[in-house]
Every structure is written in C-alpha cells, then in structure tokens.
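Heads up, the thing below is written out as structure tokens.
Throughout, protein chains are lettered first and strands after them, A, B, ... in sequence-line order, and every chain is numbered starting at 1. Values reported hereafter were calculated over all heavy atoms of this structure, with side chains retained and with hydrogens, waters and symmetry mates removed.
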Amino acid sequence: MSGKDREPVFPTRQALGIMKSKLKGAQVGHDLLKRKSEALTKRFREITKRIDDAKRKMGRVMQIAAFSLAEVTYAVGNNSIAYQITETARQAKFRVRTKQENVSGVFLPAFESFQVEGASEFGMTGLGKGGQQVQKCRETYTRAVETLVELASLQTAFVILDEVIKVVNRRVNAIEHVIIPRTENTIKYINSELDELDREEFFRLKKVKGVKEKVQAEEEAERQKKKKSSSDKENEEEAESKNVLGDEGDEDVIF
Amino acid sequence: MALDKAQYKDREFLAVIGDEDSVTGILLAGVGHVTDPPDSQKNYLVVDQKTEDSTIEGAFEAFTTERKDIAIVLINQHIADRIRTKVDGFSAAFPSVLEIPSKDHPYDPEKDSVMKRVRKLFGE
C-alpha cells in the first residue's frame, strides 16, 4: 500500500488536511460532471431521434422537389435549363448564419438560413416558356434546402455533443478511477505513517518511564538499606546517605 | 467547450456535389456562389458518369478542409458512396456534411455516415 500510486507528499497533519479537502473536492466534481454528462446524454438522444425523423422527412421532400424539377424540364422542353442555371449562378442569395445555443455549458451552433436582399438571380430563366414552373420549382427547392439546413444543424449538434460527451465521460472516469483512489491511498498512507509515529512516541515514553522507575526503585532500595544500617550506627553516615548517586539537582532528561 | 467561434463565424455558404438534376434544383434555390476573380471558385460540382473519382475527392476536400466559408456540404448519396472512405473519415463539426437522396437513387439510411455513427452509439 505504501509504495504504489499515491501522491508525493510528506506524511504530516497539514498534508492530511490538504488531501482530505482534495478528496472532498474530487467527489463534488465527480457528482457535478456525472450530472452534466447525464444531461448531455439526454439531449443527445433527443437529437439523434430528431435526426432520424428529419432524415426520413428529407427523403420525401427531396422527392417532391425532384418531381417539380422534372415538371420544369418537361415544360421548357429541353435540358438547356440546367446549363442556364449552373452558368448564371454568381452570388449566393440563400445563405446561412450560425447562432449559438447553450446546453449545460456547451455551445451548440445552429444554422439559420436567410435570403440576401436583392433582385432574384434567375429572373430570366424560363422566360421563353415554363416560367411558372420554374417559379414553383424554385419555391419547392428553397423549402427543401431549408429542411436540409435544419437537418445540418441537428447533425452538427450531434457531432459536437458526441465529442463533448466523450470528453466529459473521460473526465468522470478519470476522477472516479484515478484521482479518488489515489487521494484515498494518500490519506491512508499519511494516517498509517502518523499512527506509526504515535506508536513510536508512546513506546519511547514508556521506555523512558520504565528506566526512571527502575532507577527510583534502586534508589529506594539503597535508601532502605542505608536506613537499616544507619539505625545501627546512628548519625555516622548521615551526610553520605543523602547523596549516594550524586544526581540530586539533575533535571530528568526527556527526549 | 472544444468549440472556437472563429471556426464557424464566417461560414455562410452551402456547397453541393451532385448529379445534374440535384445541383440544378439546389442552385435554383439560390445557393450558387462563385468567388470573385481571379480564383473564381464555384461552390458546386456537377457529377456525371464520366467524372473521375479523384475529381470528386478533390472537390470534397476543397469544400470541407480548404474553404473556410462553407457551412454545409450537400452531397448525393450515390456520389458519397463513390468516395465512401473519405466521407466516413470526415468527422469534424464544420462544415457539416449532409448526404441527400437523388432522383434516381432513393435515400438509404443504412449507408449514411452519420446514421452509421448513430446506430453504432446505440449498439444496434
């Protein structure tokens, strides 16, 4: 336990306090991130469902649009309209802009289509014949492209959310499986080291006390002996009896 | 997070890679744009039977990585199939690549690169 995977700290009470607050922080962060990840996943599932629907809808819309284009080709009579259209395209009238939407701290872009002001580009298209069909076809396709833009923003949100969820989950896992166990290990290590120190200290105190008691007991025994002998020959060695060890006045040494 | 505003601020055009009918129709909606000369770049590519795969790849590359003003790339699904590895390999958020059905080829959700990811995520 001591060697593997803990932070390089000295086993002191201060470090223990730091580690404890770190563990608490990691747990709070883990909870928050987990909740965030759940919120994002919920959103993500919603979006995937909408993409699924939108993709199917797109199939129908494009079919209608293709049919209206077929009407135009039929009305115009030949296929020259395609060349006309591809060659007259100069400035885009239909453009998109991006706005942001904030989902629990993640900015999801959403495309928004808009028409640039100005004269319609294909004013001359179908002037000879089929002008009405061209007009209708253009409206149909504009709507179709709007659907596509909507779908594209869903798809972009999908891609971004996918990425963000991966990042958040990676963090959650890192906290859960690396940071928290490591901090707990460090706390355990510090605690065991501190306990060890405590035991050492206690043992030494006990040892010191034992030595002192032994010395005292010897002193006592000596004194008793002296007392006995002094009661035999009174007053003779009175001065000596006091000072057998010569350590009076010495302070006890405590380590 | 992980998203820089500069990445998409200037993106305002759509690009199309498709067969003649799809491109015609979408351009009719007013999507077509040609940048100013001298390097007048079109934002559409008409693909027919004779178009080489390398040309499509080049256009796809140009629309997705080189040009910074394109927000959405529309590509016909049967054309995307021809450069499938490139389309599947593209995973950035911008521009977003959209596979659309064409007149002759109905839409097949099984092939779509995004739908593939969706299904993979839900373990189907």
Okay, A/Q63 and chain B: the region with an atom under 4.5 Å from a heavy atom over there is neither
Output for pair (A/M58 CE, B/L74 CG), nearest 0.5 Å, gives 9.5 Å
Okay, A/F44 and chain B: the region with an atom under 4.5 Å from a heavy atom over there is side chain
Between the CZ atom in A/R95 and the CG atom in B/D69, the distance rounded to the nearest 0.5 Å is 9.5 Å
Query raised in the report: In this structure, are over 12 heavy atoms from other groups packed under 6.0 Å from A/R35 atom CZ?
Result: no
_Other residues, nucleotides and ligands only: do more than 12 of their heavy atoms fall within 6.0 Å of CZ on B/R67?_
yes
Checklist entry - Is it the case that more than 12 heavy atoms not belonging to A/R199 sit under 6.0 Å from its CZ atom? => result yes
Bottom line for A/L148: the part with an atom under 4.5 Å from chain B's heavy atoms is both
From the list A/I51, A/T142, A/D162, A/V96, the residue making the most non-hydrogen contacts under 4.5 Å with chain B is A/V96
**Report entry** Residue A/F114 excluded, over 12 heavy atoms near CZ under 6.0 Å
**Finding:** yes
Correct closest heavy-atom pair for A/T156 and B/S96 would be OG1-CB, 3.3 Å
Heavy-atom closest pair (B/L14 atom, A/V145 atom, distance to 0.1 Å) is CD2-CG1, 3.9 Å
If you tally heavy-atom pairs under 4.5 Å between each of B/N43, B/V46, B/I26 and chain A, the highest tally belongs to B/I26
*Any side-chain heavy-atom pair of A/C137 and B/L28 under 4.5 Å*: yes
Chain A shares the most heavy-atom pairs under 4.5 Å, among B/I72, B/I100, B/V73, with B/I72
Cut-off 4.5 Å, heavy atoms of chain B, and the answer for A/A152 is both
